[in-house]
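What follows is one structure encoded as structure tokens, with my remarks underneath.
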Amino acid sequence: MELRGHSGGLRKGVASALATVLGAVFTAAAVYAAPPGDVPFGVYDPDGDFIDDKQVVIEELFLPWEDVYLPSLNDADAYALERNRALLVTLEPWTWSRSERNTAQYLRRGIFAGEYDPNMKAVCDVLGTLKSPVTLRFMHEMDDRSGQFIWSGWKPEDYVAAYKRMVDVCKASAPNITLMWSPLGNEDMDDYYPGDDYADLIGLTVFGLQAWDQAKIGHDQTFDEIFAPRYERASKYGKPVVVAELGYVGKEGYVNDWDNSVRKTKPEYPNLVGVVYFNQLEVYPWPEGFGQPDWRVKNHILE
């Protein structure tokens with residue numbers, strides 16, 4: 001089971017969550033470092049815990065395509081350039097204001113009717129001007145069945161057509177961006193593959209929650225236990241693979257085992273070119289009473 005959430009319910013006329021995130025990053029003090037290893041490391045880091053860590057080479061941003069303050073992307077660009085980091089932009093096709101969200105059916109109809117072309121173009125007009133290397137991760141985890149995202153669980157042909165249509169809109173404004181197609185990594189992920197021309201990188205998601213492992217699996221799962229089958233599914237495309245969202249929470253031994261594994265260069269993962277840590281508290285509760293795991297490095301070791 002894997003759920004993620006992103007803070008900052010945006011409303012029209014209210015400062016964007018991205019601006020808030022960047023403000024926190026600019027004022028925070030660095031107190032944590034990347035796990036040991038040689039695999040390139042990135043972070044989604046709204047608390048600024050990795051602000052001065054020179055091992056971080058990827059800065060991930062999450063933003064919706066509705067009600068977003070786009071000039072904040074220029075601030076993110078300046079922040080990344082100063083630290084020699086590339087930008088990984090996860091663009092979510094909705095608003096973060098839950099009370100104003102539409103439905104999957106409305107989103108699907110709107111995409112094919114061209115109603116969201118201006119949203120995509122507005123974001124990508126800015127992405128096309130940024131000086132940092134930019135990777136776009138759009139409509140991620142489409143193979144997730146939890147119901148968290150209104151763009152997941154669609155008929156594969158509908159998802160592929162919608163994804164390709166909106167990526168074409170984006171590339172017209174930002175022709176030099178890199179495209180990351182990013183499933184969760186489930187067994188049916190191949191049904192949603194948009195084709196080689198629409199995926200420069202393959203992104204996967206890996207979260208380890210020790211309490212979940214013990215209750216549902218019966219033992220502590222390792223990083224490799226979760227990642228290996230997902231990597232095998234992704235590797236057949238012959239593309240570089242990135243863990244686009246990574247997090248783990250548990251007792252000290254569990255966290256240490258993950259720390260010592262996630263960036264280790266291994267011959268069984270020849271195409272793995274990066275891991276990106278999701279350094280934030282979960283927004284959407286896990287089911288069956290598992291609550292909201294705190295993936296933040298300052299809190300992910302439990303007593």
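Values below: all heavy atoms of this structure, side chains included; hydrogens, waters and symmetry mates excluded. If you're wondering where the values come from, they're calculated on a predicted model, not measured in any experiment.
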Would you mind reporting whether Leu272 and Val243 have side-chain heavy atoms less than 4.5 Å apart?
-> yes
Could you tell me whether the side chain of Glu92 reaches within less than 4.5 Å of the side chain of His140, counting heavy atoms only?
-> yes
Residue pair Phe50, Val297: steps toward the side-chain contact (heavy atoms from CB on, under 4.5 Å) verdict | CA-CA 10 Å; Phe50 295 89; Val297 291; 3.9 Å; yes
Are the side chain of Tyr163 and the backbone N or O of Tyr198 linked by a donor-acceptor pair below 3.5 Å?
-> yes
Side-chain heavy atoms of Thr129 within contact of Asn74, under 4.5 Å | yes
Heavy atoms only: give me the nearest Phe138-Pro93 pair and the separation to one decimal.
-> CE1-CB, 4.0 Å
Per side chain to side chain contact (heavy atoms under 4.5 Å, CB included), Tyr192 is matched among Ser152, Pro156, Pro183 by Pro156
Geometric cation-pi criterion, Arg108 with Phe112: 6.0 Å, 45° = no
Given side-chain contact (heavy atoms from CB on, under 4.5 Å), test Arg233 with Asp190 step by step and report yes or no.
-> CA-CA 8 Å; Arg233 295 174 194 129; Asp190 191 50; over 6 Å; no
Using modelled atom types only, decide if a donor and an acceptor are shared between the side chain of Asp143 and the backbone of Leu184 within a distance under 3.5 Å.
-> yes
Indicate whether any N or O donor in one side chain lies under 3.5 Å from an N or O acceptor in the other, for Asp224 and Tyr269.
-> yes
Taken to the nearest 0.5 Å, the spacing of Gln214 CD from Leu209 CG works out to 10.5 Å
What distance separates Met166 CE from Leu136 CG, expressed to the nearest 0.5 Å?
-> 10.5 Å
Within a strict 4.5 Å, meaning less than it, do heavy atoms of the Asp259 and Tyr248 side chains meet?
-> yes
Under the ring pair (Phe, Tyr, Trp, His ring centres under 6.0 Å) rule, what do Trp181 and Tyr237 come out as? Steps first, then yes or no, please.
-> CA-CA 11 Å; Trp181 177 70; Tyr237 303 116; 5.8 Å; yes
Would you please classify the geometry between the Tyr116 ring and the Tyr106 ring as parallel, tilted or perpendicular, with 30° and 60° separating the classes?
-> perpendicular
Dump the intermediate steps for side-chain contact (heavy atoms from CB on, under 4.5 Å) on Trp258 and Val206, then the final yes or no.
-> CA-CA 11 Å; Trp258 278 67; Val206 180; 3.8 Å; yes
So, Asn119 side chain and Trp65 main chain: donor-acceptor pair closer than 3.5 Å or not?
-> yes
Would you find a donor on one side and an acceptor on the other, under 3.5 Å apart, between the side chain of Asp125 and the backbone of Ser173?
-> no
Where the side chain of Asp53 meets the backbone of Ala34, is there a donor-acceptor pair that is under 3.5 Å apart?
-> yes
Do the side chain of Tyr159 and the main chain of Pro194 share a donor and acceptor less than 3.5 angstrom apart?
-> no
Can Val123 be reached from Val167 by stepping across I, L, V, M, F, W or Y side chains whose heavy atoms are under 4.5 Å apart?
-> yes
Indicate yes or no for a side-chain donor-acceptor contact from Lys239 to the backbone of Met180 under 3.5 Å, with no hydrogens or angles considered.
-> no
side-chain contact (heavy atoms from CB on, under 4.5 Å) between Leu302 and Gln210: does it pass, once the steps are laid out?
-> CA-CA 10 Å; Leu302 305 178; Gln210 188 178 25; 6.0 Å; no
Establish, from distance only, whether the side-chain atoms of Thr178 and Asp200 form a donor-acceptor pair under 3.5 Å.
-> no
Donor + acceptor pair across side chains of Asp257, Thr222 (<3.5 Å) | no
Closest non-hydrogen contact found for Asn102 with Glu66 is ND2-OE2, 4.3 Å
Atom CD1 in Ile58, atom OG1 in Thr135: separation rounded to 0.5 Å?
-> 8.0 Å
Mark yes or no for whether Gln292, through its side chain, and Glu282, through its backbone, hold a donor-acceptor pair below 3.5 Å.
-> yes
Treat each ILVMFWY residue as a node, draw an edge where side-chain heavy atoms are under 4.5 Å apart, and state whether Val169 and Leu107 are in one component.
-> yes
Show your reasoning for whether ring pair (Phe, Tyr, Trp, His ring centres under 6.0 Å) applies to Phe149 and Tyr284.
-> CA-CA 11 Å; Phe149 300 125; Tyr284 295 87; 7.4 Å; no
Does any N or O in the side chain of Arg263 come within less than 3.5 Å of the main-chain N or O of Val275, such that one atom is a donor and the other an acceptor?
-> no
Could you tell me how the ring of Phe227 sits relative to the ring of Tyr231: parallel (under 30°), tilted (30 to 60°) or perpendicular (over 60°)?
-> tilted
When you check the side-chain N and O atoms of Asp213 and Tyr254, is any donor under 3.5 Å from an acceptor?
-> yes
Indicate whether the side chain of Tyr277 and that of Asp45 have a donor and an acceptor atom separated by less than 3.5 Å.
-> no
Going hydrophobic residue to hydrophobic residue with side-chain gaps under 4.5 angstrom, can you get from Met120 over to Val160?
-> yes
Is the distance between the ring centroids of Phe278 and Phe62 less than 6.0 Å?
-> yes
How long is the gap from CD on Gln280 to CD on Glu60, to the nearest 0.5 Å?
-> 11.0 Å
Answer yes if Val39 and Ile226 sit in the same cluster of Ile, Leu, Val, Met, Phe, Trp and Tyr residues linked by side chain heavy atoms under 4.5 Å apart, and no otherwise.
-> yes
With the side chain counted from C-beta on, respond yes when Leu73 and Val68 share a heavy-atom pair under 4.5 Å apart, and no when they do not.
-> no
Could you give the distance from CG (Asn186) to OG1 (Thr205), rounded to the nearest 0.5 Å?
-> 9.5 Å
If every non-hydrogen atom of Ala234 is compared with every non-hydrogen atom of Ile202, which pair is closest and at what distance?
-> CB-CG2, 3.7 Å
Can you see which heavy atom on Met189 is nearest to which on Gly185, and at what distance?
-> SD-CA, 3.7 Å
Without swapping roles, check the side chain of Asp294 against the backbone of Arg296 for a donor-acceptor pair under 3.5 Å.
-> yes
Under a single-linkage definition using a 4.5 Å side-chain heavy-atom cutoff for Ile, Leu, Val, Met, Phe, Trp and Tyr, are Val242 and Trp295 assigned to the same hydrophobic cluster?
-> no
Might you point out which heavy atoms bring Gly114 and Arg165 nearest each other, and give the distance in Å?
-> CA-NH2, 3.7 Å
Do Ser182 and Glu245 come within less than 4.5 Å of each other through their side chains, counting heavy atoms only?
-> no
Contact check, side chains of Pro35 and Asn260, non-hydrogen atoms, under 4.5 Å = no
